[in-house]
A.B. asks: 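There's a structure below that I have some questions on.
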Amino acid sequence: MAAVDNRRPVASSEPTTSASELAGRHIVLGLSGGIACYKAAELVRELVKAGATVQVVMTEAAEHFITAVTLQALSNRPVFTSQWDARDHNNMAHINLTREADAILIAPASADFIAKLIHGRADELLSLACLARPIERCPLLVAPAMNREMWAHPATQRNFAQLAADGATVLGPGSGDQACGEIGDGRMLEAAELRDALVAFFQPKLLAGKRVLVTAGPTFEPIDPVRGLTNRSSGKMGFAIARAAADAGADVTLIAGPVHLPTPRGVKRVDVTTAVEMHDATLAAAPASDVFVATAAVADWRVASVAEAKIKKAAGRAVPAFELVENPDILAAVARLAKPPFCVGFAAESNDLIVHAREKLVRKNVPLIVANLGPQTFGRDDNALTLVDASGERELPRADKLTLARQLVAEIAARLPRHG
Ligand code: C5P
């Protein structure tokens, strides 16, 4: 642990989607008319960067907002805009488009376009392709984008509910400033959010119906109003695990120490500062959880009494001495519950990784410890893990933290008791 003036851990970016997360996926991206078409250009870039091939289809209304030229350049494929497009040899673009597609994503999805879809109308190429898609193999995802009054209208709400009942996945909408100057629900999700939602959609739902609790980041133990004890954990590994668990279908609660990371989509976040706060928040949620993953680097000690005013340095005054008291061991406390969730601990060591991990497995009485080398992971986007349990060790070689988190989620899912 290091004593620092009241700086919080360095801000850092979200665990990024790794370059290959959509590799091999072919996405039909449909644009209907709306000002959010301007975001579609970036969305194509994000999907292509994540490894997907993207075939853009535009309605006539969409062409008023963005040109096919832009989207062709970004997707590296000619754009389809008309059901009468004769480029396909059999002249059946509306059929051919979806036969190799892994999904159709409509972004933006206008109120009018969705009203058409729910009635099975097919008077132009995009709605025709949606109707003609093999419904079992080619899922439909829609990202609504419209003025807040249009979104709130009972007709729109009814139409989106019907679309969901017909099997489509509705992504968003977001809330906030709208192009019309009003503020409210109806904004299309940002390109990166839609990319992440699509990546999540394709993840196997290994933790469907499970409640997962994760602690992440450091804790900060105040010494006085401006100083404290903390450590160099960035929270990235824990946030990646929360995201991977949510993507795998779990209901996730993330108890986060002081970090500046965005909350993963669909995750319930509880912010705490000190180890005692983290302990209390965790123990409140643990009895209702199926899995607990303790990634937080909890400060081992706190000062016995926190000074009410800043401790001043002055000539001739003695250097202050602090009495420390031990913080509660959160993981051990959860493992001691009468019916504990499946508990996973982390061991960040600088040496003798496996020896220390085994010692923690026994001391904390948990079924799985994930060992990593502290100095080689703090603040970084990649890591290497060793899983240590009663039956042996398993290496997860160096990779970005999200990739490792997905592998760890699969390992945890495989160890959970099966029901039914
Ligand atoms: O040996 P150590 O206590 O550092 O073990 C680390 C593991 O225990 C991590 O999973 C960490 O999140 C958890 N831990 C905890 N509460 C503490 C200290 C560590 O939950 N006070």
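Numbering of ligands and ligand atoms starts at 1, following listing order. When a residue number appears, it is its place in the shown sequence, counting from 1. None of these values were measured; they are calculated from a predicted model.
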A.B. asks: When the side chains of residues 106-119 are checked against the rest of the protein, which donor-acceptor pairs come out under 3.5 Å, sequence neighbours left out?
C.D. replies:
residue	atom	partner	partner atom	Å
S110	OG	F113	N	3.0
K116	NZ	D123	OD1	2.7
K116	NZ	E124	OE2	3.0

A.B. asks: Mind listing the side-chain donor-acceptor pairs of residues 144-155 below 3.5 Å, one per line with the distance, residues two or more places apart or on another chain?
C.D. replies:
residue	atom	partner	partner atom	Å
N147	OD1	E149	N	2.7
N147	OD1	M150	N	3.3
N147	ND2	E182	OE1	3.0
R148	NE	E182	OE1	3.1
H153	ND1	A155	N	2.9

A.B. asks: Around atom NZ of K205, are there more than 12 heavy atoms of other residues, nucleotides or ligands at under 6.0 Å?
C.D. replies: yes
A.B. asks: Please collect all ring pair (Phe, Tyr, Trp, His ring centres under 6.0 Å) contacts where either partner lies in residues 307-347, sequence neighbours excluded, each pair once.
C.D. replies: none
A.B. asks: Using a distance-only test with no angle check, is there a side-chain donor-acceptor pair under 3.5 angstrom linking D389 and S391?
C.D. replies: yes
A.B. asks: Output, or 'none' if empty, a list of ligand 1-protein atom pairs in which both atoms are N or O and the distance is under 3.5 Å, rounded to 0.1 Å.
C.D. replies:
residue	atom	partner	partner atom	Å
ligand 1	1 (O)	K360	NZ	2.6
ligand 1	1 (O)	R363	NH2	3.0
ligand 1	3 (O)	K364	NZ	2.6
ligand 1	5 (O)	K364	NZ	3.0
ligand 1	8 (O)	K364	NZ	2.8
ligand 1	10 (O)	A294	O	2.6
ligand 1	10 (O)	F346	N	2.7
ligand 1	10 (O)	F346	O	3.3
ligand 1	12 (O)	A294	O	3.2
ligand 1	12 (O)	A296	O	2.6
ligand 1	16 (N)	I330	N	2.9
ligand 1	20 (O)	L331	N	2.8
ligand 1	21 (N)	P328	O	2.8

A.B. asks: Salt bridge or not between E393 and R358? Use side-chain N to carboxylate O under 4.0 Å.
C.D. replies: yes
